[in-house]
Amino acid sequence: MIAKLIAEEIQKKILEAQREGLLPADIKPRFQVEPPKVKEHGDYATNVALSLAGQTRQNPRELASWFAERLAARQDLFEKVEVAGPGFINFFIAPSYWQQVPRFIEKEGPDYGRLDYGKGQKVQVEFVSANPTGPLHIGHGRGAAVGDTLARLLSFAGFKVEKEYYINDVGRQMKILGRSVYLRARELSGEEIDFPEDHYRGEYIREIARQLLKENPDFLKFSEEEALEEAKNFALKIILEGIKKDLKDFGVYYDCWFSEKKLYEEGLVEKALNFLKEKGLLYEKEGAVWFRARDFGDEKDRVVIRASGEPTYFASDIAYHYHKFFVRGYDLVVDIWGADHHGYVPRLKAVIKAFGLSPDRLQVLLIQMVNLLEAGRLKSMSTRAGEFVTLRELLEEVGRDATRFIFLTRRADSPLDFDVELAKKQSRENPVYYVQYAHARLASLFRKAKEAGISKISSEEADLSLLDTPEDFSLLKLLDYFPDTIEACVSKLEPHLLTFYLLDLATALHDYYTKHRFLSEDISRSQARLVLARAVKQVLATGLDLLGVSAPERM
RNA sequence: GCGCCCGUAGCUCAACCGGAUAGAGCGUUGGACUACGAAUCCAGAGGCUGGAGGUUCGAGUCCUCCCGGGCGCACCA
């Protein structure tokens, strides 16, 4: 948060410089305030002088001195402001600033870190949206963890968030699903079936067929057309129920399960295509209807209605996004897809542009694939063949906390090796316990404090100037940085930054633990440290909650 | 062939819109519990950021080319 305050101060000084004629009025004040990598360079540093001097061809060090001198006047914030290197300005923050951070946190409680960044804008996060043709597997789990945490973060940062799952319940995949179940059912009734290669071969299909025969023993006597329809609907229902249960057990709740079928039933596909047609963006060629995607940056035009008269999947997606923006009116839409769909991004962006909207209104987050490691070996997975590790198995073997946490220990766009053995281990190798342990340790500390009869006092009463060791300041600085972390996660759509932050905070806490005692003869110092400990515990709890991971009182 | 993403320590990964001396964990070597939880901590070794150019005060980060890997390139979803 101090970074924000510094940036505000700098802004004021830029205006001052412009008034005094030191800087031209039309200058673009682009600069950063960030913690330097080297401790000797202070708590925060800014490149404002370098950036401005670059534009005006002034001497950066002279400009930096001008700023440094004036900024130093804020003695409540800065102990020292110095010019260094080619023209950086380094800030050494006043200890008294850091020491009052726990007061903020105590006052805000679970709301500490909450931002108004989103200003109440309506944002939709659509994620997982796996075809309902089989159980969710490990890759969907990653999408679920990233999407759900991102949604929580956006909401925490002041957006009005809705989470959505798009159900592809029409089209070819569905037909194949129905047929797969139908054929298995016939097989189960004793018929010999040559099961097609390109159908769903997983064991779960047999299971569904078995259930269907049990609930509706006569269904094979229907006409083939009716039986296929019945099998399809039944399978969809069962699979969707399973998906919903898996996600619920993973801690993921949706505001809306949106059916593709509904787009057709409500005439939205027609409506959206008409919208484009009226703008002259559709044309006919070789019996099909095409969308002028090229005009909007895609590499070629795309078919929306096949020569057969059937709409393509792309047509559904046009309608779906039409609905998102024009019917439901989201300010921002975040779609989370598997990275194998990346070629589809320009196509959909083209649609958004054709709608006359800024392409920034749609953000597509691509999630790289998950490789499963077993005993250090890559395990191959194939959905069609029914060989994969399901999210369900992962939840049962590894547990929700470790699974969610591990999925968020990488940037979404880098592939992730998921090592099941490691995830099950309850040791340092498994990062989730490291953070949870920090929380549990603090909980235990408060139990001990109570036993020792050290009364709990508020941060207002405590003498926080006693938080004066390097380890105190490490913790205080990290606590102060928490809201900045939230903002970074949201502005970059990178929830993994929160995971790394929590690991840093836990490290600082464990370090503190071995070097200092929270509870001692010195009652005022103990009380000050307990105030600090409470603040750390609060931030750990808030952070873990955003990740959807529990913050245990004991382990 | 074209496009997108990625190459950072032995391994797995960070590095906030281009910032100063590239950081963690695992592994490895050696150390720290008769005091709040050792699921912890401390120290050592380990790097030409795949390669070559370029842009500039300054490049892991931006541009070009090359090498290596992943994924796409449907009137499939």
Side-chain angles (χ1 to χ4, degrees), chain A residues 3 30-32 34-38 40-41 45-47 50-51 53-54 60 84-88 90 131 133 168 170-174 176 260 285-290 299-300 302-314 316-317 338-346 366 368-369 373 376 409-411 413-417 419 422 425-431 433-434 436-438 440-449 451-452 454 481 484-485 487-489 491-492 494 496-497 500 503-504 506-507 509-520 526 529 533 554-555:
Chain A
R30 278 189 74 243
F31 64 90
Q32 292 144 30
E34 42 187 40
K37 284 176 185 155
V38 195
E40 288 70 42
H41 296 149
T46 180
N47 62 348
L50 288 163
S51 160
F88 288 103
N90 294 337
N131 285 344
T133 52
N168 300 123
V170 291
R172 210 174 127 250
Q173 303 297 325
M174 279 292 107
I176 295 179
E260 183 182 1
K285 192 180 85 181
E286 294 159 5
V289 179
W290 299 68
E299 58 185 41
K300 53 183 171 184
R302 306 291 178 176
V303 170
V304 289
I305 307 281
R306 287 183 267 252
S308 67
E310 276 179 289
T312 61
Y313 176 79
F314 183 47
S316 298
D317 247 356
D340 54 341
H341 288 71
H342 70 259
Y344 203 76
V345 177
L366 298 172
Q368 270 292 352
M369 63 183 298
L373 288 182
T409 54
R410 300 269 184 288
R411 301 167 50 101
D413 60 6
S414 96
L416 181 144
D417 293 334
D419 187 329
L422 190 147
K425 262 192 218 163
Q426 305 203 351
S427 75
R428 178 64 223 253
E429 291 169 76
N430 190 345
Y433 296 108
Y434 188 73
Q436 289 185 317
Y437 179 51
R441 240 182 160 180
L442 288 168
S444 158
L445 173 69
F446 295 121
R447 291 192 290 267
K448 275 277 163 6
E451 281 171 31
I454 296 177
Y481 192 62
D484 304 71
T485 302
E487 183 169 324
C489 288
S491 65
K492 302 174 72 188
E494 290 186 355
H496 76 280
L497 294 173
F500 286 100
L503 286 166
D504 280 348
T507 300
L509 191 268
H510 289 311
D511 182 41
Y512 194 100
Y513 232 95
T514 46
K515 292 207 175 109
H516 304 291
R517 291 189 53 75
F518 282 92
L519 308 176
S520 67
S526 301
R529 288 183 171 174
R554 16 171 80 89
M555 294 169 69

- By salt bridge (charged side-chain N to carboxylate O under 4.0 Å, His left out), which residues pair with A/Lys448, not counting sequence neighbours? none
- Task: Mind checking A/Ala440 for me? I need base, sugar-phosphate or nothing, with any heavy atom below 4.0 Å counting as a touch.
- Result: base
- Message: Please report the distance separating the P of B/C41 from the corresponding atom of B/U56, rounded so that it comes out in whole Å.
- Response: 46 Å
- Message: Of the listed nucleotides (B/A74, B/C71, B/C75), which one gets closest to any side-chain atom of A/Glu286?
- Response: B/C75
- Query: Of the nucleotides B/C36, B/C75, B/U40, which one has an atom closest to the side chain of A/Lys448?
  - Reply: B/C36
- Note on the structure: Residues A/Pro60 and A/Leu50: closest non-hydrogen pair is CB-CD2, 4.0 Å
- Would you tell me if any nitrogen or oxygen in the side chain of A/Thr514 comes within less than 4.0 Å of OP1 or OP2 on B/C41? no
- Query: Contact class for A/Ala84 vs. all strands (heavy atom < 4.0 Å): base, sugar-phosphate, or nothing?
  - Reply: base
- Given the C1' atoms of B/A77 and B/C66, what is the spacing between them in whole Å? 37 Å
- Task: List in chain and number order the residues that pass side chain to side chain contact (heavy atoms under 4.5 Å, CB included) with A/Glu34, two or more places apart in sequence or in another chain; answer none if no residue qualifies.
- Result: A/Gln32
- Is there side-chain contact between A/Arg554 and A/Arg447, with heavy atoms separated by less than 4.5 Å? yes
- Message: Could you check whether any side-chain heavy atom of A/Thr507 comes within less than 4.5 Å of a side-chain heavy atom of A/Tyr434, counting everything from C-beta outward?
- Response: yes
- Message: Heavy atoms only, 4.0 Å cut-off, all strands: where does A/Ala452 land among base, sugar-phosphate and nothing?
- Response: nothing
- Item | Under 4.0 Å protein heavy-atom contacts per nucleotide of nucleotides 6-19 of chain B, with B for base, S for backbone only and - for none | ------SSSSBB-B
- Message: Checking contacts here: which listed nucleotide (B/C73, B/G70, B/C41) is nearest the side-chain heavy atoms of A/Tyr434?
- Response: B/C41
- Verify the stacking flag for A/His341 against B/G72: centroid separation must be under 5.5 angstrom and the ring planes must differ by under 30 degrees. no
- Quick one: label A/His510 by what it contacts on the DNA or RNA (base, sugar-phosphate, nothing), any heavy atom closer than 4.0 Å. sugar-phosphate
- Of all the choices, B/C41, B/C75, B/A77, which nucleotide is nearest to the side chain of A/Asn131 once you look at every atom? B/A77
- Using a 90° cut-off around 0 for syn, call B/C17 syn or anti. syn
- Task: With heavy atoms under 4.0 Å as the rule, sort A/Asn90 into base, sugar-phosphate or nothing.
- Result: base
- Query: With a non-hydrogen cut-off below 4.0 angstrom, is A/Phe314 in contact with a base, only sugar-phosphate, or nothing?
  - Reply: nothing
- Query: Nearest of B/G37, B/A77, B/C5 to any side-chain atom of A/Gln368?
  - Reply: B/C5
- Query: Nearest of B/A20, B/C75, B/C4 to any side-chain atom of A/Thr312?
  - Reply: B/C75
- Query: Reading RNA chain B 5' to 3', how would its secondary structure be written in dot-bracket notation, given Watson-Crick and G-U pairs with both distances under 3.5 Å, brackets [ ] for crossing pairs and | for partners on other strands?
  - Reply: (((((.(..((((.....[...)))).(((((.......))))).....(((((..]....)))))).)))))....
- Proximal nucleotide (of B/C4, B/A35, B/A77) relative to the A/Arg517 side chain: B/A35
- Apply ring pair (Phe, Tyr, Trp, His ring centres under 6.0 Å) to A/Phe518 and list each qualifying residue two or more places apart in sequence or on a separate chain. A/Tyr512, A/Tyr513
- Query: Would B/C41 be called syn or anti, given that syn covers angles within 90° of 0?
  - Reply: anti
- How far does the P atom of B/C65 sit from the matching atom of B/C5, given to the nearest Å? 14 Å
- Residue list, side chain to side chain contact (heavy atoms under 4.5 Å, CB included) with A/Asn90, at least two apart or on another chain: A/His41, A/Ala45, A/Glu82, A/Ala84, A/Phe88, A/Phe92
